[in-house]
Colleague: 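Once you've had a glance at the structure underneath, I'll fire off some questions.
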Amino acid sequence: MSGRALSFGVKAESYERFRPGYPAELADVVMAYAAHPVRTALEIGAGTGKATRLFAGRGVAVTATEPDAAMLAELRRHVPADVRTVQAAFEDLATGETAGEKYGLVYAAAALHWTDPADRWPRMAALLEPGGVFASFGGPVRLADRDVAEAVAAARAPFLESDEIPSPDGTPPEHAMQWPGTELQRSEWFTDVRQSEIPRRVTFGARDYVGHLSTISAYLVLPARAQEQVFSRIMRVLPEQVEMVADITVHLARRRPER
Ligand SMILES: C[S@@+](CC[C@H](N)C(=O)[O-])C[C@H]1O[C@@H](n2cnc3c(N)ncnc32)[C@H](O)[C@@H]1O
């Protein structure tokens, strides 16, 4: 796994504090797609458990998996005691503690892009019951005001050109179906691929906005001195209240029952 994929743990508490949680509507979208009661779920890259709470709160028996020990320790403080936790990367699940188990739902919240693309879909299918549901959701949190966005981009420029994650399969942003829906449509293991959008707006105080940036991998991998410099440059151009567009893109697919 890359240093960037495993950069979050050093900031587990900040991650929990500054990253927005997931709305109830997201669980509604997943449950409506499933069209039958979902009893068990496996979560990939659960982080501090923001999405774990959402599904555990719906009565789903969630197994939360996460490779980073610090993130998993933070997660334990925020999820119900009956949530099972396993320290493992997605790539290790088939051979580790969960080997052979199958789930009604497998999902990844802002984490799938960190997993190894080799055999991603056969591995995913192996974790799902026939007809089981795969869900991936997330999306960038972007500044809503164009002038503020330009000022922040200029403040960041000497250190970082962009702080976003490029599409893992190079799908252009103007395409109707985005990654990972594109990969799911090509996979023989999955059918009924859907993409939907949950609009979300978030307002941060200026300091909390910088706190949020401090949990983003592009900044986390900068040397400590560069982090200090870029955050103080950004802080200087921010208004008191920072409006963000934080729409959630949801991808859903069903494991083909006949395979
Ligand atoms: C941006 S965080 C998302 C955390 C959480 N799912 C959320 O939505 O708040 C990405 C998470 O993926 C984990 N991760 C990185 N590489 C991974 C891999 N190969 N398999 C599973 N998880 C991975 C990181 O440790 C981190 O906790």
Side-chain angles (χ1 to χ4, degrees), residues 1-27 29-30 41-57 60 62-79 83 85-99 103 105-121 123-124 126-127 134-142 163-166 168 179-180 198 200 202 211-221 244 246-251:
M1 255 177 290
S2 73
R4 196 165 166 181
L6 282 181
S7 61
F8 298 97
V10 279
K11 286 281 186 179
E13 268 179 56
S14 301
Y15 194 102
E16 176 57 26
R17 178 166 167 208
F18 296 118
R19 289 272 185 132
Y22 294 103
E25 194 185 343
L26 173 59
V29 168
V30 175
L42 178 87
E43 181 173 2
I44 295 161
T48 66
K50 286 180 183 283
T52 320
R53 278 161 256 180
L54 186 69
F55 289 98
V60 180
V62 182
T63 297
T65 70
E66 163 60 46
D68 188 305
M71 293 295 261
L72 208 51
E74 186 67 28
L75 174 145
R76 277 261 60 113
R77 302 173 51 206
H78 306 284
V79 302
V83 167
T85 51
V86 178
Q87 189 183 345
F90 169 64
E91 298 74 15
D92 300 327
L93 290 175
T95 51
E97 222 178 285
T98 54
Y103 300 83
L105 168 69
V106 175
Y107 69 93
L112 192 70
H113 51 283
W114 297 121
T115 64
D116 185 349
D119 297 332
R120 180 183 276 140
W121 300 112
R123 279 168 186 275
M124 204 64 81
L127 296 165
F134 170 75
S136 172
F137 42 86
V141 177
R142 292 190 171 124
D163 57 10
E164 291 195 4
I165 311 256
W179 184 91
I198 299 176
R200 185 172 62 163
V202 183
H212 179 263
L213 292 184
S214 79
T215 70
I216 289 176
S217 60
Y219 297 94
L220 282 168
V221 293
M244 309 296 298
D247 297 349
I248 302 169
T249 304
V250 188
H251 287 100

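When a residue number appears, it is its place in the shown sequence, counting from 1. Both ligands and their constituent atoms are indexed starting at 1 by order of listing.
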Colleague: Would you say ligand 1 has an N or O under 3.5 Å from any N or O of Ala88?
Modeller: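 Ala88 vs ligand 1: no N/O contact under 3.5 Å.
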Colleague: Glu74 vs Tyr15, test: side chain to side chain contact (heavy atoms under 4.5 Å, CB included). Steps then yes/no.
Modeller: CA-CA 9 Å; Glu74 186 67 28; Tyr15 194 102; over 6 Å; no
Colleague: Pairs of nitrogen or oxygen atoms closer than 3.5 Å, one from Tyr15 and one from ligand 1: do any exist?
Modeller: yes
Colleague: Short list, please: which atoms of ligand 1 are under 4.0 Å from a heavy atom of Ala111?
Modeller: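 The list of qualifying atoms is 12 (O).
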Colleague: Phe137 and side chain to side chain contact (heavy atoms under 4.5 Å, CB included): which single residue from Ile198, Val29, Leu26, Thr249 fits?
Modeller: Leu26
Colleague: Please determine whether a side-chain nitrogen of the Lys or Arg among Glu16 and Arg53 lies less than 4.0 Å from a carboxylate oxygen of the Asp or Glu.
Modeller: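 Yes, Glu16 and Arg53 are salt-bridged.
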Colleague: Relative to atom 14 (N) of ligand 1, which among Ala110, Ala69, Pro67 owns the nearest non-hydrogen atom?
Modeller: Pro67
Colleague: Less than 3.5 Å between some nitrogen or oxygen of Asp116 and one of ligand 1, yes or no?
Modeller: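 N/O-N/O distance under 3.5 Å: no.
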Colleague: If I compare all heavy atoms of Met124 with all of Val106, which pair ends up nearest, and what's the gap?
Modeller: SD-CG1, 3.8 Å
Colleague: Under a 4.0 angstrom heavy-atom cut-off, which atoms of ligand 1 come close to Ala109?
Modeller: 3 (C), 5 (C), 6 (N), 7 (C), 8 (O)
Colleague: Which heavy atom of Thr52 sits nearest a heavy atom of Ala46, and at what distance?
Modeller: OG1-CB, 3.9 Å
Colleague: Compute the ring centroids of Phe90 and Trp114, then answer whether they are less than 6.0 Å apart.
Modeller: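 They do not qualify: ring centres at least 6.0 Å apart.
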Colleague: Parallel, tilted or perpendicular: which fits the ring planes of Phe55 and Tyr107, with parallel below 30° and perpendicular above 60°?
Modeller: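 Tilted, since the angle between the ring planes falls between 30° and 60°.
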Colleague: Under a 4.0 angstrom heavy-atom cut-off, which atoms of ligand 1 come close to Glu91?
Modeller: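 So the answer, numbered in order with elements, is 18 (C), 19 (N), 20 (N).
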Colleague: Below the 3.5 angstrom mark, is there an N/O of Arg19, backbone or side chain, next to an N/O of ligand 1?
Modeller: no
Colleague: Quick check: does Tyr22 get an N/O under 3.5 Å from an N/O on ligand 1?
Modeller: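 It does: an N or O of Tyr22 is found under 3.5 Å from an N or O of ligand 1.
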Colleague: Run the contact test for Ala51 against ligand 1 with a 4.0 Å cut-off on heavy atoms, strictly below, and give the result.
Modeller: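 Contact absent.
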